[in-house]
Structures are given as C-alpha cells and as structure tokens.
Amino acid sequence: MKIENYCTLEFPSRSANEGFARAAAACFAAQLDPTLEEINDVKTAVSEAVTNAIVHAYPDRIGKIVMKLRQKEGQVLEIVVRDWGVGISDVAQARTPLFTTGSEERAGMGFTIMESFMDELKVRSTPGKGTTVTMRRQIARRISG
Ligand SMILES: Nc1ncnc2c1ncn2[C@@H]1O[C@H](COP(=O)(O)OP(=O)(O)OP(=O)(O)O)[C@@H](O)[C@H]1O
Ligand SMILES: [Mg+2]
C-alpha cells in the first residue's frame, strides 16, 4: 500500500503526552474527512496504545515513544506506536481480554479495545527491547456536498 502522507512524532513517556498524542492523531486523521465516530474510534485506540507505552513499557523511568501516522492508498490510516521499554514476553496472552500485569485500576482491556475500534492490530515485542503496535483503520470515502 502506497504511503500518501505521513507524520512522525517523538515524545517522552510523560502522562501528559497521552492527550497530546491522541489530539495529534485526530488532527492527522482529519485529512481523510472522517465522521465523528471514526475520529473517536481512532482517538480511543491511540489513547490505549500510548497509555500502555507510558505505563507498562517504562514502569520506573521516562523513556522514548515514537508515533508514526500514515495515510495509505485507499483511505487507510495506519498508526504505529513504538517504545524501547521492557517488552512483552507472551503477546498472545497480553492480548487476551482482562489480562493485565498492572495494578487494580487497570482492566486488561487496552488491546481488546484497540482491536475492536480498528480494522487491524499487530503487536510485535521483544522482552528487554521494546514493543511496536501497528493499527489500521479504513476511513470511509464520503461524498462531500
Ligand atoms: N508497550 C508495552 N510494554 C510492555 N508491556 C505492555 C505494553 N503494552 C501492553 N503491555 C502488557 O500487556 C498487558 C495488557 O495490556 P492492555 O492494554 O490490554 O491492558 P492493561 O494496560 O493492563 O489495562 P487497561 O489498558 O485496561 O488499563 C499489560 O498489562 C502489560 O503487561
Ligand atoms: Mg492498557
């Protein structure tokens, strides 16, 4: 799939950057003329992915997060959230609904939410090296009038 437009953002794993990343993704996605529902779905998925990088990847330090936003052929929005943190030893288990290694306030629903709000979710991770989450969502073409 040809990349028609892109943007790369790098930011530290500070909790304030969750809102920033969500808003930035929404601004980028706006170029595809999404509905309010589509934009809210994308924002929710980005929020879950970036929160995971902030909370789980770097539990006791501030680390680097990179978010890539891509507009691909056929109105496909691709979002990559990458960290260089602790990584995930068993990705299939981590993706299971309700599975969490976090404290009581975590529901273990982040990956499940990303999966349901986006068309595709890929998670690649190496313990000690980091995690890359790739999500895709097709934005319906609308007839503007
Ligand atoms: N970027 C990451 N780095 C390291 N571990 C991660 C990362 N993302 C997810 N995980 C692991 O996968 C588990 C499941 O993630 P998921 O987002 O589904 O649930 P959660 O973050 O625990 O809870 P919730 O998202 O509902 O608050 C986490 O508890 C954590 O162990
Ligand atoms: Mg989560």
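Note that ligands are numbered from 1 as they come in the structure, with each ligand's atoms numbered from 1 the same way.
- Heavy-atom proximity to Gly110, at under 4.0 Å, picks out these atoms of ligand 1: 16 (P), 17 (O), 18 (O), 19 (O), 24 (P), 25 (O), 26 (O).
- Atom NZ of Lys68 has 12 or fewer heavy atoms from other residues, nucleotides or ligands within 6.0 Å.
- Near Ala107, with a cut-off below 4.0 Å to any heavy atom, the atoms of ligand 1 are 23 (O), 24 (P), 26 (O), 27 (O).
- A donor and an acceptor atom, one from each side chain of Glu18 and Ser47, are located under 3.5 Å apart.
- Phe20 and Val46 fall within a single hydrophobic cluster, where Ile, Leu, Val, Met, Phe, Trp and Tyr are joined by side-chain heavy atoms under 4.5 Å apart, directly or via other members.
- Checked against a 3.5 angstrom limit, the closest N/O atoms of Arg106 and ligand 1 fall inside it.
- Salt bridge Arg95/Glu115: present, at least one basic N to carboxylate O contact under 4.0 Å.
- Residue-to-ligand polar distances place Phe111 within reach of ligand 1: an N/O pair is separated by less than 3.5 Å.
- A continuous path of hydrophobic side-chain contacts links Ile79 to Val66 [ILVMFWY only; heavy atoms under 4.5 Å].
- Proximity of Gly85 to ligand 1 is not established, as no heavy-atom distance is less than 4.0 Å.
- Using a 4.5 Å cut-off between side-chain heavy atoms of Ile, Leu, Val, Met, Phe, Trp and Tyr, with links allowed through other members, Leu9 and Phe28 fall into the same hydrophobic cluster.
- Contact annotation: for Asp83 versus ligand 1, heavy atoms closer than 4.0 Å belong to the side chain alone.
- Remark: among candidates Ala53, Ser13, Gly102, Ala57, the nearest residue to atom 3 (N) of ligand 1 is Ala57, based on non-hydrogen atoms.
- Within 6.0 Å of the CD atom in Glu105, the count of heavy atoms belonging to other residues, nucleotides or ligands exceeds 12.
- For ligand 1, the polar-atom distance check against Met109 finds a nitrogen or oxygen pair separated by under 3.5 Å.
- Among the backbone and side-chain atoms of Asn52, an N/O/S atom is found under 2.8 Å from the Mg ion (ligand 2).
- Among protein heavy atoms, atom 7 (C) of ligand 1 sits closest to Ile88 CD1, 3.7 Å.
- Residue contact check: Gly108 has heavy atoms under 4.0 Å from atoms 18 (O), 19 (O), 20 (P), 22 (O), 23 (O), 24 (P), 26 (O) of ligand 1.
- Below 4.0 Å from some heavy atom of Glu48 lie the following atoms of ligand 1, by number and element: 25 (O).
- If you check which protein heavy atom lies closest to atom 12 (O) of ligand 1, you get Ala94 CB, 3.4 Å.
- The pair Glu78-Arg70 meets the salt-bridge criterion, since a charged nitrogen lies less than 4.0 angstrom from a carboxylate oxygen.
- Applying the 4.0 Å criterion to heavy atoms of Thr100 picks out, from ligand 1, the atoms 20 (P), 22 (O), 29 (O).
- Taking a cutoff of 4.0 Å between a charged side-chain nitrogen and a carboxylate oxygen, Asp41 and Arg137 qualify as a salt bridge.
- Between Arg136 and Asp119 no salt bridge is recorded (no basic side-chain N to carboxylate O distance below 4.0 Å).
- Within ligand 1, counting atoms from 1 as listed, the ones closer than 4.0 Å to a heavy atom of Thr101 are 28 (C), 29 (O), 30 (C), 31 (O).
- Considering only non-hydrogen protein atoms, atom 20 (P) of ligand 1 sits nearest to His56 NE2, 3.6 Å.
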